[in-house]
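Numbering starts at 1 and runs along the sequence shown. A quick note: this is a predicted structure, and the numbers were derived from the prediction, not measured.
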Amino acid sequence: MDSEIKEEIPVHEEFILCCGVETQVLKCGPWTDLFNDQSANRPKLLIFVITGNPGFSAAYVPFVKALYSSVNKHFPVWVISHAGHALAPKDKKILTTSDDPNAQEVKDIYGLCGQVEHKLAFLRTHVPKEMKLVLIGHSIGCYISLQILKLAPELPNPYVITAMVFQMNINIIHQISK
């Protein structure tokens, strides 16, 4: 894919307080708030990437840009850091809301079960229930994605793509979004 095309793709960096821990979320595409966007252009599907270790979202920027281009810029692609693996720069505001259930701390947030709860809390708070969801897990992110399926039956029929099937034709995402 042409690197010049990828450079034109917007990536928004946010730091949020999720489960009491600073969390970096990179959002590819123009949609940064799926709950408050009630426009006709609001997407029906979110592609959500859960990183492998060491959990740095920035390492996935070329991948999410390529993926966003591959879906013709129709669907947002978000990538989340692991809890505690990215700290906000001193000049960066950490987003939170007073009624945010993610403000509740999770026991052992830095352990594997805590990381699963961290991602679940984010999805429940930042992704509308009616939105279709494609979870892409890399390495330990694959395990976390599978645990999300197991623990969150309320999610709207999520699809999981693991590191084993990254080479699949991206048209599957178009089929899922219909």
Side-chain angles (χ1 to χ4, degrees), residues 10-37 42-43 45-61 63-64 67-68 75-163:
V11 177
H12 307 279
E13 177 186 54
E14 293 180 359
F15 283 87
I16 61 160
L17 193 63
C18 184
C19 300
V21 177
E22 291 178 23
T23 304
Q24 182 186 43
V25 181
L26 300 179
K27 299 178 176 184
C28 196
W31 308 278
T32 58
D33 183 352
L34 296 174
F35 270 109
N36 294 318
D37 181 357
R42 181 175 136 184
L45 178 137
L46 170 66
I47 302 167
F48 190 70
V49 179
I50 301 174
T51 66
N53 277 331
F56 298 120
S57 302
Y60 292 81
V61 168
F63 172 72
V64 298
L67 183 56
Y68 182 67
F75 308 111
V77 180
W78 292 2
V79 60
I80 189 169
S81 69
H82 293 316
H85 287 222
L87 296 175
K90 291 180 182 174
D91 62 335
K92 194 81 168 174
K93 182 180 177 183
I94 299 172
L95 306 175
T96 187
T97 59
S98 58
D99 60 341
D100 188 350
N102 291 331
Q104 178 182 352
E105 292 187 20
V106 171
K107 186 177 179 179
D108 190 28
I109 188 71
Y110 303 111
L112 186 54
C113 291
Q115 294 292 348
V116 172
E117 289 299 321
H118 173 257
K119 307 312 176 278
L120 274 171
F122 178 86
L123 289 170
R124 287 176 173 145
T125 304
H126 295 276
V127 181
K129 288 183 180 180
E130 68 276 3
M131 182 158 290
K132 291 183 181 182
L133 186 61
V134 174
L135 299 174
I136 297 178
H138 171 239
S139 190
I140 197 65
C142 174
Y143 175 83
I144 293 170
S145 297
L146 293 173
Q147 289 301 303
I148 287 170
L149 289 178
K150 181 178 170 183
L151 298 173
E154 76 276 8
L155 291 176
N157 300 316
Y159 295 87
V160 175
I161 300 174
T162 67

**Asked** If every non-hydrogen atom of G84 is compared with every non-hydrogen atom of Y110, which pair is closest and at what distance?
**Response** CA-CE2, 3.6 Å

**Request:** Hey, could you give me the CG/CD1 distance between L120 and I148, rounded to the nearest 0.5 Å?
**Result:** 5.0 Å

**Message:** Is the distance between the ring centroids of H138 and Y60 under 6.0 Å?
**Reply:** yes

**Asked** Counting only N and O atoms by type, is there a donor-acceptor contact under 3.5 Å from the side chain of H12 to the main-chain atoms of P30?
**Response** no

**Prompt:** About how many Å separate CE of M131 and CG of L45, when rounded to the nearest 0.5 Å?
**Reply:** 8.0 Å

**From CA spacing to verdict: side chain to side chain contact (heavy atoms under 4.5 Å, CB included), H118, I80** = CA-CA 10 Å; H118 173 257; I80 189 169; 4.0 Å; yes

**Item:** Separation between CD1 of I136 and CG of L67, rounded to the nearest 0.5 Å
**Value:** 5.0 Å

**Ring geometry between F122 and F48 (parallel below 30°, tilted from 30 to 60°, perpendicular above 60°)** = parallel

**Request:** Using a 4.5 Å cut-off on heavy atoms from C-beta on, say whether the side chain of L26 contacts that of V49.
**Result:** no

**Request:** Provide the closest heavy-atom pair for F35 versus R42 in the form atom of the first, atom of the second, distance.
**Result:** O-NH1, 4.4 Å

**Item:** Identified side-chain hydrogen bond (donor to acceptor under 3.5 Å, both in side chains) counterpart of Q24 within the set H82, E13, E14
**Value:** E13

**Prompt:** Does E154 come within less than 4.0 Å of K129, counting only side-chain N to carboxylate O?
**Reply:** no

**Prompt:** Please walk me through it: do L112 and Y143 pass side chain to side chain contact (heavy atoms under 4.5 Å, CB included)?
**Reply:** CA-CA 9 Å; L112 186 54; Y143 175 83; 3.4 Å; yes

**Item:** Approximate separation, where rounding is to 0.5 Å, of E117 CD and K119 NZ
**Value:** 10.5 Å

**Request:** Please answer whether the main-chain N or O of S81 pairs with a side-chain N or O of S57 as donor and acceptor at a distance below 3.5 Å.
**Result:** yes

**Request:** Please determine if K92 and E22 form a salt bridge, counting it only when a charged side-chain N lies under 4.0 Å from a carboxylate O.
**Result:** no

**Request:** Starting from the C-alpha separation in whole Å, work towards a yes-or-no answer on side chain to side chain contact (heavy atoms under 4.5 Å, CB included) for L123 and L133.
**Result:** CA-CA 10 Å; L123 289 170; L133 186 61; 4.2 Å; yes

**Prompt:** Atom SG in C18, atom CD1 in I109: separation rounded to 0.5 Å?
**Reply:** 7.0 Å

**Prompt:** So which heavy atom on S145 is nearest to which on I50, and how close?
**Reply:** OG-CD1, 3.7 Å

**Request:** Return the minimal non-hydrogen interatomic distance between T51 and F56, and the atom names on each side.
**Result:** CG2-O, 4.2 Å

**Prompt:** How long is the span from the OG1 atom in T125 to the CD1 atom in I16, to the nearest 0.5 Å?
**Reply:** 8.0 Å

**Message:** Apply side chain to side chain contact (heavy atoms under 4.5 Å, CB included) to residues L146 and L149 and explain how you reach the verdict.
**Reply:** CA-CA 5 Å; L146 293 173; L149 289 178; 4.3 Å; yes

**Pairwise side-chain contact, T32 with P76, heavy-atom cut-off 4.5 Å (strictly under)** = no

